[in-house]
K.L.:
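What follows is a single structure, and I will ask about it in a moment.
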Amino acid sequence: MRWSLALLALLLLAGARAARVEVLQADRLELRKVEGHELVVLYGRPVKIRLADGQEIEADVVEYDRDARRLLLAGNVLYGDKEGRIIESKQLELYLDDESMDAIEVHLRSGGVDFWGPEATRVLGQILMQDGRFTPCARCGQDPYDYAFSARKVVLYPGDRLIAYGVTLYVQGQAYLTWPILMLHFSNRRPKLEVRHDPVDGWSLAADLPYVTDGGLGFTLLRYFQNRGWGFGVDHWGIGPAYEHYRALYLPPEVGADKGSLQLDLTYREGDERLRDLPYYANFHLKYDDAWPLPEQPHWSITGEWRQKGKDGWRRSFSLSRRDLPDQNRLWLNAYVRRESGPDPKPSLRLKTYFDLGEPGPPAAMTIPEVTLKWVKGWKYAGFSIKGSVSAGGYYDRTNELNRSARAAGVWAGAGRVFVKHADVYDAKQPWPGFNLHFENRFSGWYYDTGERQVDWRNALSLEQKLGALRFKTAVRRTVVEGEAFFARDYRRPVHTLVLDAQAGWRPTKELNLSAKGGWDVWQGEYKKLTASLSWTPRPFNLSLKHVYDPQTGLNQSSTGSIGYKAGNFSASLSSGYDYQKGNYAPLAFKGSYALPGGNALFNHVYDLDTGRSQSTKFSISLQPGQNRYSLSESYSYENERLTGSLTTSWGPFSLKLSHDTFLVSDPADPNFRHSKLSLAASWREHKLLLEENWNGRLGRFGPGHFSVSSRYTGVNRTWSLKARWHLPEEGDEAVYLETASVSGGLDVLAPTTEHPGFSLQGGFEYVRYGPDDRQLKFKNFGFTAAWVADEHTRVFVTTLVNQEVRTSEGWPPLEPRFIFTLDRCCWAFQFTIDAAVPSAKLSFMYGGKSAGFLFGESGIHYPWEDAP
C-alpha cells in the first residue's frame, strides 16, 4: 500500500511544476484546497521525502503547498541541508524556491557544535537563532559540559563560523563571564594562542584573536619575538553581498637580517564570476609577499577586473594587472566588449596591451586593438546560407621566420591586419527522387598593412543519385592555401589541390554489396587509385574482397580478401592478400573463437605464404564461473623461437598469476639460448607478493632475481603502506638481502583504559642498501605515542617523533626527536612541544569539538591545528 501512496503523491507533487520533491515513504495521503491553494498532506511514521538536490527530510506530517512551493513539516522533523547541518525540530517551514526556513524547538548540529533554541530562521544560507545555547562539548559525553554558551542572538554562517550577541560563558554549568559580542570558528581556521622558545628568537608569542564589526569579522594577528620585536597583522572577512578577504602580516627582521617581511593578500569581489546570479562581476586582488623573495616568483602583483552583462545584450569586461618580476615591471590592460544578442552583425572590441614601467622586459603578444563584426545567424534562403566575420586591428606578435620581409622586421614586430572568414553552404531541394546536391565554400583571408596576404580557400561540390539498388556519387574538391603570413601564428602550409572523385555502388540483395571509387587529380594531372570492393554475407558465411588498381601506371597495386564462418558459439576467419608491386603475399591469418559458458576461447595463427613458414601462434582461454576467474594464454614466435604466456586464477579477492617469457632456441651460440624470465604474483585485496627470477640456461642456474612485498590497509585503529624488495642469489653475489624498504602509517598496539596506558606507532621509514657497509635510513615523523585515560573525558598523549636522514657510511649522528605533550578534554586541549632539532619549545591552546583528536595517516599523527594559517 505504501508504494502506491508514494507513487500517487509523487505524481501530485510534480504536477504543477517540474518535479522537485520525491516521496520515499508515506502511510496516508490527503488532498485539500484552502483559500485557493492546493495542498498535498502526507502522514506516516515517519514520512520520508527527497528534494531535487538530494536532501532527505523526515517528519510525522508533511504538507506541501503546490502554488507557494512551500513544505510544512510537523512532528519529529529531521532535515539535513546543503551545508551538512542536521536540523531537528518540532515544526519546520521550508520554501523550495529560495530555501528559506523557519523552525521552532530546534536542535541543530553543525560540524562539531550543537545548538538549541526555541526558534530558528534561515535566509541565504545563514541561520539566525534567538535565545540560543551552543557548545562543542555535547558529543564528548560530559555532564555538565566543560564550557558552553548562551546568547540573545546567534548567527551561524556556512562553514561553521558564528557570531553571538549578548553572550554568557558557562564553565561546568555555572555562569562565569558575560560580554556583548563573540565570534567563533569551529573549522580549521580557529583562534590560536601559542607560546614558543628557541635559541634564535628567544621567547615568542603568536595570538590570533577574533573580532566582530559592522563591516565584517576576522582575526587580529599578534606576533612577539624576544630577540626581534613586534609583528602585527589582520585577517578580515567582509559581511554582505560582496566577498571580501583582506590578510596582512608584518614580521620583524630575523636575527641578523636587514629588513622584516610583509605579506599582503587583499581580495574584493562583487557579483558572480560566472555571471549567473548578477548581471555584473567585479574583482580586485592585491598580493605582496616579501617573506619568500624567490627570483622566479613575483615580488608583488595587483589585478583589477570588471565584467558586466547588460540588458541591452552587451557584455563588457575590463582588467588591469601588474606584476613586479625580477626581469620586468609591467602593467597589463585587457578590455573586451561584445554584443551577444540582437540582429546581425554582432560587433566586438578587444584590446590587450602592456606598458613597461621600468626597463623593457621580454616581448609579449599584444592586440591594440581589434574590431570584429560577426554574422552569427547569417543569411538563409532556399537552401543557401552564409555566415562569416570580419576582424581588423593592430597586433604585436612573433613574426613568421619563413617570410623574408617579416624576418627582416625582427623576431617580434607590429603590423595591422584584416581577417576575413566566411562559410557559404547550399543544399538543393531534390528536383527528383534520389538526387542530392551539396555545395560549400569556406574562405579565410589574412591581409596585412605590409602589403602581404594569405588565403585559405576550400570548395566542394557533390552530386549523388540513387536508383533502387544503384548509387552514384561524384564530387569536386578544391583547396588553395597560398600567400605570405607576417605573423607566425597565422602561418598555413601552402596547398594546391583540385580533385574529382567518383563512387558507385550496387546492392542487388541484402547480402551482396559491390562498390568502386576513384578520382582524377586535376592539379597534378594524374588519376587516383581505383578501388573495387565486394562484400557477400550469406549466413553463416561472409566473404570480403578488395582490389586496388592504379590507372596512372596501368598496374595493379594489391588484392586482399577474407572469408569467415559463424554458427552458434563458434566463429572463424581466414584472410590474406597480394602486393603486386613487391611481388609477395600478405601473411595468411587464421582466427577462431568459441564462446564458452562464462568465458571464451581464442586461437590465432599467422602463416607466411612467401617463405612457407609459420610466423606466430596464439591461444587463450578464459572462464568465469561465479565469483572465480581462470585464464590461460600462450603465444609462440617461430622466428625468435620465443614462448610467452601467463596463467591467472582468481578466487574472489585472491588472485595468483604465473608468467613466463621463454626462449626455446636450440643453438648454444645464440645469446638467448635457454633463457627464461619467470614471475609469480599473488595478491589479496591490497596485499601483493611478487617473485621474479631469470633462468640462465648456459650456467644452469637462476639469477638475477628479486622478491617483492607490498601491502596497504586502512582501518579504524591502524593504517599502513608497506613496500620491500629483496635481492636473490646470482652469479657473483650469492647473498640474500634487503635492497629497499619503506613503511608508513599508524598502528594502535594497545588501546588506553583507566587501568593501563595505550601505545601506538606511526610515521614513515625508508631504507636503501647501497653496499654491504653503506645504507641510507630516512625517518619521516617516525615514532610512538603513549596515551593515558585519566577519567572518562580526559586523555593525555605523549608523542615522540623523529625527522632525520642517516647514511651509515658517514656515521650515526645523534637523534633529534620532537616531543609532543597533549592534554585533551575533547572540546579543548593544551599542547606542549619540544623540538630537539631547532631546538625550541612551544605551548598551544585549542578549543572546539574533538580538539586533540588525531587521525593516523601515511605521514604519521595529524593534528588539526597544524594546518591552521
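Model, not experiment: these values are computed from the prediction. What's counted below: heavy atoms across the whole structure, side chains too, no hydrogens, waters or symmetry copies. Here, residue 1 is the first one in the sequence, and each next residue gets the next number.
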K.L.:
Which atoms form the tightest heavy-atom contact between Pro144 and Gly173, and what is the distance?
P.N.:
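Scanning both residues, the minimum pair turns out to be CB-N, 4.0 Å.
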K.L.:
Taking only residues two or more places apart in sequence, or in another chain, which ones meet Phe782 in a side chain to side chain contact (heavy atoms under 4.5 Å, CB included)?
P.N.:
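Per chain and number, Phe782 pairs via side chain to side chain contact (heavy atoms under 4.5 Å, CB included) with Phe765, Phe779.
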K.L.:
Kindly say whether Cys827 contributes a backbone atom to a donor-acceptor pair with the side chain of Tyr147 at under 3.5 angstrom?
P.N.:
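Present.
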K.L.:
Which atom pair, heavy atoms only, marks the closest approach of Ala248 to Leu264?
P.N.:
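Scanning both residues completely, I find the closest heavy atoms to be CB-CD2, 3.2 Å.
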K.L.:
Hydrogens and angles aside, do Gln172 and Asp146 bring a side-chain donor and acceptor to less than 3.5 Å of each other?
P.N.:
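On atom types as modelled, these side chains qualify, holding a pair under 3.5 Å.
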K.L.:
Does Pro252 offer a backbone N or O that forms a donor-acceptor pair with the side chain of Arg228 under 3.5 Å?
P.N.:
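Yes: the side chain of Arg228 pairs with the backbone of Pro252.
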K.L.:
Nearest 0.5 Å please: distance from the CD1 atom of Ile87 over to the CZ atom of Phe115.
P.N.:
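The CD1 atom of Ile87 sits 11.0 Å away from the CZ atom of Phe115.
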K.L.:
Over all heavy atoms of both residues, which pair between Arg152 and Gln130 is shortest? Give the atoms and the distance, please.
P.N.:
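Looking at all heavy atoms of both residues, the shortest contact is O-OE1, 3.5 Å.
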K.L.:
Apply side-chain hydrogen bond (donor to acceptor under 3.5 Å, both in side chains) to Arg338 and list each qualifying residue two or more places apart in sequence or on a separate chain.
P.N.:
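Counting only residues at least two positions away or on another chain, Arg338 forms a side-chain hydrogen bond (donor to acceptor under 3.5 Å, both in side chains) with Glu340.
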K.L.:
Distance from Trp314 atom CH2 to Arg316 atom CZ, nearest 0.5 Å?
P.N.:
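Answer rounded to 0.5 Å: 7.5 Å.
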K.L.:
Without swapping roles, check the side chain of Gln804 against the backbone of Glu816 for a donor-acceptor pair under 3.5 Å.
P.N.:
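Yes, Gln804 side chain to Glu816 backbone: donor-acceptor pair under 3.5 Å.
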K.L.:
How about CD on Glu254, more than 12 heavy atoms from neighbouring residues, nucleotides or ligands closer than 6.0 Å, or not?
P.N.:
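Atom CD in Glu254 is not packed in, count stays at 12 or less.
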K.L.:
Would you say that Tyr224 contacts Trp203 through its side chain, given a criterion of any heavy-atom pair below 4.5 Å between the two side chains?
P.N.:
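No; the side chains remain at least 4.5 Å from each other.
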K.L.:
Start with the C-alpha gap between Leu94 and Leu51, add the side-chain angles, then the distance that decides, and say whether side-chain contact (heavy atoms from CB on, under 4.5 Å) holds.
P.N.:
CA-CA 11 Å; Leu94 176 65; Leu51 304 184; 4.1 Å; yes
K.L.:
For a 4.5 angstrom cut-off between non-hydrogen side-chain atoms, does Leu801 reach Gln762?
P.N.:
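SC-SC contact between Leu801 and Gln762 confirmed.
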K.L.:
Is there side-chain contact between Trp116 and Thr135, with at least one heavy-atom pair below 4.5 Å?
P.N.:
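Touching, per the 4.5 Å side-chain cut-off.
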K.L.:
Between Trp230 and Phe232, how do the two ring planes meet: parallel, tilted or perpendicular, split at 30° and 60°?
P.N.:
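It falls in the parallel class, under 30°.
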K.L.:
How about Lys780 and Ser744: do any of their side-chain heavy atoms sit closer than 4.5 Å?
P.N.:
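No, too far: nothing below the 4.5 Å cut-off.
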K.L.:
With under 30° as parallel and over 60° as perpendicular, where do the rings of Tyr354 and Trp332 fit, or are they tilted in between?
P.N.:
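Because their plane-to-plane angle lies in the 30° to 60° range, the rings of Tyr354 and Trp332 count as tilted.
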K.L.:
Verify side-chain contact (heavy atoms from CB on, under 4.5 Å) between Glu119 and Asp102, making sure each step is shown before the conclusion.
P.N.:
CA-CA 7 Å; Glu119 59 179 318; Asp102 291 293; over 6 Å; no
K.L.:
Begin from the C-alpha positions of Lys842 and Asp835 and carry the test side-chain contact (heavy atoms from CB on, under 4.5 Å) through to its verdict.
P.N.:
CA-CA 9 Å; Lys842 180 175 66 174; Asp835 194 339; over 6 Å; no
K.L.:
How long is the gap from CG on Leu266 to NZ on Lys287, to the nearest 0.5 Å?
P.N.:
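Here the interatomic distance stands at 12.0 Å.
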K.L.:
Which residue is it: Thr799, Ile834, Thr833? I am looking for the one with a side chain to side chain contact (heavy atoms under 4.5 Å, CB included) to Arg818.
P.N.:
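The residue from Thr799, Ile834, Thr833 that satisfies side chain to side chain contact (heavy atoms under 4.5 Å, CB included) with Arg818 turns out to be Thr833.
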K.L.:
Does Tyr176 have more than 12 heavy atoms from other residues, nucleotides or ligands lying within 6.0 Å of its OH?
P.N.:
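Not more than 12 within 6.0 Å, no.
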K.L.:
Could you check Val234 against Tyr211 for side-chain contact (heavy atoms from CB on, under 4.5 Å), going step by step and ending with a plain yes or no?
P.N.:
CA-CA 10 Å; Val234 64; Tyr211 67 86; 3.4 Å; yes
K.L.:
Heavy atoms, side chains only, cut-off 4.5 Å: are Tyr79 and Ser89 in contact?
P.N.:
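Contact flag for Tyr79/Ser89 side chains = no.
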K.L.:
What is the distance from atom CZ of Phe355 to atom CZ of Arg330, rounded to the nearest 0.5 Å?
P.N.:
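Spacing of CZ (Phe355) from CZ (Arg330) equals 11.5 Å.
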K.L.:
For the atom pair CD (Gln263) and CG (Leu221), what is the distance rounded to the nearest 0.5 Å?
P.N.:
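Rounded to the nearest 0.5 Å, the CD-CG separation comes to 10.0 Å.
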K.L.:
Hey, are Glu194 and Arg196 close enough for a salt bridge, meaning a charged N less than 4.0 Å from a carboxylate O?
P.N.:
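Result for this pair is no, no salt bridge flagged.
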K.L.:
Using a strict cut-off of less than 4.0 Å between a Lys/Arg side-chain nitrogen and an Asp/Glu carboxylate oxygen, indicate whether Arg247 and Asp235 qualify as a salt bridge.
P.N.:
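A salt bridge is present here (some side-chain N lies under 4.0 Å from a carboxylate O).
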K.L.:
Would you name the heavy atoms of Val106 and Ala120 that are closest together and state the gap between them?
P.N.:
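Here Val106 and Ala120 meet closest at CG2-CB, 3.9 Å.
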K.L.:
Tell me yes or no: between the side chains of Thr794 and Arg825, is some donor less than 3.5 Å from an acceptor?
P.N.:
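The answer is yes; a qualifying pair exists.
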K.L.:
Over all heavy atoms of both residues, which pair between Ala364 and Tyr396 is shortest? Give the atoms and the distance, please.
P.N.:
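In this case the closest contact between Ala364 and Tyr396 is O-CD2, 3.5 Å.
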K.L.:
Answer whether the closest heavy-atom distance between the side chains of Asp81 and Met101 falls below 4.5 Å.
P.N.:
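The answer is no, as the side chains (C-beta and beyond) never meet within the 4.5 Å cut-off.
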K.L.:
Are the side chains of Met366 and Lys352 in touch, meaning some heavy atoms are under 4.5 Å apart?
P.N.:
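No; the side chains remain at least 4.5 Å from each other.
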K.L.:
Of all the heavy-atom pairs spanning Leu286 and Ser301, show the shortest one and how long it is.
P.N.:
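Closest approach of Leu286 to Ser301, heavy atoms only: CD1-O, 3.3 Å.
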K.L.:
Can you tell me how far CG of Leu182 sits from CG of Leu162, rounded to the nearest 0.5 angstrom?
P.N.:
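If we round to the nearest 0.5 Å, Leu162:CG and Leu182:CG are 6.5 Å apart.
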K.L.:
Is the shortest side-chain heavy-atom distance between Glu105 and Gln91 below 4.5 Å?
P.N.:
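No, their side chains stay 4.5 Å or more apart.
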K.L.:
Among residues at least two apart in sequence or on other chains, which ones pass side chain to side chain contact (heavy atoms under 4.5 Å, CB included) with Pro817?
P.N.:
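Result, side chain to side chain contact (heavy atoms under 4.5 Å, CB included) vs Pro817: Thr800, Val802, Leu815, Phe819, Ala836.
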K.L.:
Is Cys137 disulfide-linked to Cys826, taking SG-SG under 2.5 Å as the test?
P.N.:
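No - the two cysteines, Cys826 and Cys137, have SG atoms at least 2.5 Å from each other.
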